[in-house]
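The structure appears right after this line, and notes come after that.
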Amino acid sequence: MSLLRPLLSTYLRLTEKPHMRRSDQATLRRSFASKARFLFHAPLSIRLATGTLAGAEALWVAPRRGPKPDVTILYFHGGGFVFGSPHTHGAMVAALAKRAGACAVLPRYPLAPEHPFPAALDHAIAAYHACRAQGGPLVVGGDSAGGALTLSLLAHLLTEGEPLPDAVFSFSPLTDLTFSGASIRDNAEADVELPAERASKMAQMYLNGADETNPLASPLFADFTGAPPVWITVGDTEILLDDSRRIVGQMQGQGVNVTYVEEYDLPHVWPIFHNTLPEARRTLNTLAKWIMAQTGTSAGTR
């Protein structure tokens, strides 16, 4: 455990959790965007460029020099379906892509409440097919609500019998919009970042009356038989802890090759703090090695 971890946790508990509790989605969008520009920085050797994917805006991540890597990471950012953007998460994905010897793309998917379910998933499906059309190994990942989109996309592909990605990963995924896991209550105080009372409100804005047990909204209720290898990590004090534990158990029961990493007392989606937190860099290093193993690529760089 690093000395920075408790300092970061204290900062999040005293500032970010109250801010998340009281702010509307417009305020959250503005504040997260400004904080991300200040706090999160991509490796200097990686270029982040705004472009398009599937006819919509996306952030492309690639080395500044040398050939384009064969492996592509398609990444869906978190933010409770109502805030966040490719730019808030681009630095973290760039740090991962560099380690994994990959390029990456982050689609700007439509946010709720302006664009409720299934708009974000429809966009994720289109983005996936656009990446598939470019060829090469493809890995799909996301965090929190973006983890939900990642796993819902996988469920859709399996149901429709469509070509699958080489691997799938998620940081602290939201998998159950019924919020029936015990950790939503048991970790309400311990979670230093997410206020439990806001979770269902954001989910309602996203669902807009849709069935919360629909497996394309709550992937916990999906059948993942036949899925490619999956990697999931979560902190043991998160309110979404049981979202990961239960979907991992379900996948294992369905014969999926799942790698599950449960970390001690780390905040929600801690890899985003890779510039300052040693545990974040360690997680990105571990995931990068896993991605290289699944795609058969040579070592990236730190």
Query raised in the report: So do Val168 and Pro165 actually touch side chain to side chain, heavy atoms under 4.5 Å?
Result: yes

Query raised in the report: So, Thr27 side chain and Ser23 main chain: donor-acceptor pair closer than 3.5 Å or not?
Result: no

Query raised in the report: Just by distance, do the side chain of Ser172 and the backbone of Ser144 share a donor-acceptor pair under 3.5 Å?
Result: no

Report task. Kindly give the heavy-atom pair with the smallest separation between Pro173 and Ser244, and that separation in Å. Result -> CD-OG, 3.2 Å

Query raised in the report: Do you know which two heavy atoms are closest between Val269 and Glu238, and how far apart they sit?
Result: N-OE2, 4.3 Å

**Report entry** Cluster overlap Leu240 with Val261, hydrophobic side-chain contacts below 4.5 Å
**Finding:** yes

Requested in this report: Step through the shown structure and confirm whether more than 12 heavy atoms of other residues, nucleotides or ligands are within 6.0 Å of CD on Glu57.
Outcome: yes

Query raised in the report: Are side-chain heavy atoms of Leu158 and Phe224 found at a separation under 4.5 Å?
Result: yes

Query raised in the report: Between the side chains of Tyr206 and Gln204, does any donor sit under 3.5 Å from an acceptor?
Result: no

Query raised in the report: To the nearest 0.5 Å, how far apart are CG in Leu177 and CZ in Phe81?
Result: 5.5 Å

Query - Joint hydrophobic cluster, Tyr264 plus Leu7, side-chain heavy atoms closer than 4.5 Å - result: no

Requested in this report: Please examine the side chains of Trp60 and Leu53, heavy atoms only from C-beta on, and report whether any two atoms are closer than 4.5 Å.
Outcome: yes

**Report entry** Under 3.5 Å: donor-acceptor pair, side chain of Thr88, backbone of Ala33
**Finding:** no

Query raised in the report: Any sub-3.5 Å donor-acceptor pair from Arg198's side-chain atoms to Leu194's backbone N or O?
Result: no

Query raised in the report: Between Pro116 and Pro113, what is the shortest heavy-atom contact and its length?
Result: CD-O, 3.6 Å

**Report entry** Spacing of Ser200 atom OG and Ile184 atom CD1 [to the nearest 0.5 Å]
**Finding:** 8.0 Å

Query - Backbone N/O of Glu212 and side chain of Ser218: donor-acceptor pair under 3.5 Å - result: yes

**Report entry** Check against side chain to side chain contact (heavy atoms under 4.5 Å, CB included), Asn214 and Phe221
**Finding:** CA-CA 7 Å; Asn214 184 332; Phe221 302 101; over 6 Å; no

**Report entry** Hydrophobic cluster identity match, Leu96 and Leu44, side-chain contacts under 4.5 Å
**Finding:** no

Query raised in the report: Of Phe40, Phe83, Tyr109, which is the lone residue that meets ring pair (Phe, Tyr, Trp, His ring centres under 6.0 Å) with His77?
Result: Tyr109

Query raised in the report: Taking atom CG of Leu157 and atom CD of Glu160, what is their separation to the nearest 0.5 Å?
Result: 8.5 Å

Query raised in the report: Do the non-hydrogen side-chain atoms of Arg108 and His87 ever get within less than 4.5 Å of each other?
Result: yes

Query raised in the report: With distance as the sole test, does Asp176 use its side chain to make a donor-acceptor pair with the main-chain N or O of Leu220 at under 3.5 Å?
Result: no

Query raised in the report: When you look at CZ of Arg64, are more than 12 heavy atoms from neighbouring residues, nucleotides or ligands closer to it than 6.0 Å?
Result: yes

Query raised in the report: Does any non-hydrogen side-chain atom of Arg245 lie less than 4.5 Å from one of Val234?
Result: no

Query - Heavy-atom side-chain contact between Ile73 and Ile291 under 4.5 Å - result: yes

Query raised in the report: Which of these, Asp143, Thr150, Ile232, Leu287, sits in a side chain to side chain contact (heavy atoms under 4.5 Å, CB included) with Phe169?
Result: Leu287

**Report entry** Residues Glu114, Arg29: salt bridge by 4.0 Å N-O rule
**Finding:** yes

Report task. Begin with the C-alpha distance, continue with both residues' side-chain angles, and end with the deciding distance and a verdict on side chain to side chain contact (heavy atoms under 4.5 Å, CB included) for Thr175 and Leu151. Result -> CA-CA 8 Å; Thr175 69; Leu151 297 172; 3.9 Å; yes

Query raised in the report: Under 3.5 Å, is there a donor-acceptor pair between the side chain of Glu279 and the main chain of Ser2?
Result: yes

Query raised in the report: With a cut-off of 6.0 Å (strictly less than), are more than 12 heavy atoms of other residues, nucleotides or ligands near CG of Asp70?
Result: no

**Report entry** From CD (Glu262) to OG1 (Thr233), nearest 0.5 Å
**Finding:** 8.5 Å

Requested in this report: Decide if the gap between the ring center of His89 and the ring center of Phe32 is smaller than 6.0 angstrom.
Outcome: yes

Query raised in the report: Does Leu164 offer a backbone N or O that forms a donor-acceptor pair with the side chain of Arg132 under 3.5 Å?
Result: yes

Report summary line: Between the NE2 atom in His41 and the CD1 atom in Ile46, the distance rounded to the nearest 0.5 Å is 16.0 Å

Query raised in the report: Are any side-chain N or O atoms of Asp166 and backbone N or O atoms of Thr295, one a donor and one an acceptor, separated by less than 3.5 Å?
Result: no

Requested in this report: Determine whether Leu39 and Ile272 fall in the same hydrophobic cluster, where Ile, Leu, Val, Met, Phe, Trp and Tyr are linked whenever their side-chain heavy atoms lie under 4.5 Å apart.
Outcome: yes

Query raised in the report: What's the shortest heavy-atom distance between Leu241 and Ser183, and which atoms?
Result: N-OG, 3.5 Å

Query raised in the report: Does the side chain to side chain contact (heavy atoms under 4.5 Å, CB included) test come out yes or no for Leu153 and Phe76, once each step is laid out?
Result: CA-CA 11 Å; Leu153 168 62; Phe76 300 102; 4.0 Å; yes

Query raised in the report: Is it the case that one hydrophobic cluster holds both Met292 and Leu74, taking links as side-chain heavy atoms less than 4.5 Å apart, direct or via other members?
Result: no

Query - Working for salt bridge (Lys or Arg N to Asp or Glu O under 4.0 Å), residues Arg21 and Glu16 - result: CA-CA 8 Å; Arg21 181 178 287 119; Glu16 294 306 309; over 6 Å; no

Query - Evaluation steps, side chain to side chain contact (heavy atoms under 4.5 Å, CB included), between Asp265 and Arg5 - result: CA-CA 9 Å; Asp265 199 22; Arg5 184 203 56 78; 2.7 Å; yes

**Report entry** From CG (Leu111) to CG (Leu28), nearest 0.5 Å
**Finding:** 11.5 Å

Requested in this report: Decide whether Ser180 and Arg246 meet the rule of one side-chain donor and one side-chain acceptor closer than 3.5 Å.
Outcome: yes

Requested in this report: Taking all heavy atoms of Ala222 and all of Ala155, pick out the closest pair and write down the distance.
Outcome: CB-CB, 3.6 Å

Query - Backbone of Met202 reached by a side-chain donor or acceptor of Gln25 within 3.5 Å - result: no

**Report entry** Sub-4.5 Å side-chain heavy-atom contact between Val192 and Lys17
**Finding:** no

Query - Nearest heavy atoms of Asp242 and Gly181, plus distance in Å - result: OD2-C, 3.7 Å

Query raised in the report: Considering residues, nucleotides and ligands other than Lys201, do more than 12 of their heavy atoms fall under 6.0 Å from its NZ?
Result: no

Query raised in the report: Hey, does Gln252 have a side-chain heavy atom less than 4.5 Å from the side chain of Val230?
Result: no

Query - CA sep, side-chain torsions, deciding dist, call: Glu189, Arg13, salt bridge (Lys or Arg N to Asp or Glu O under 4.0 Å) - result: CA-CA 10 Å; Glu189 176 59 29; Arg13 181 181 297 280; 3.3 Å; yes

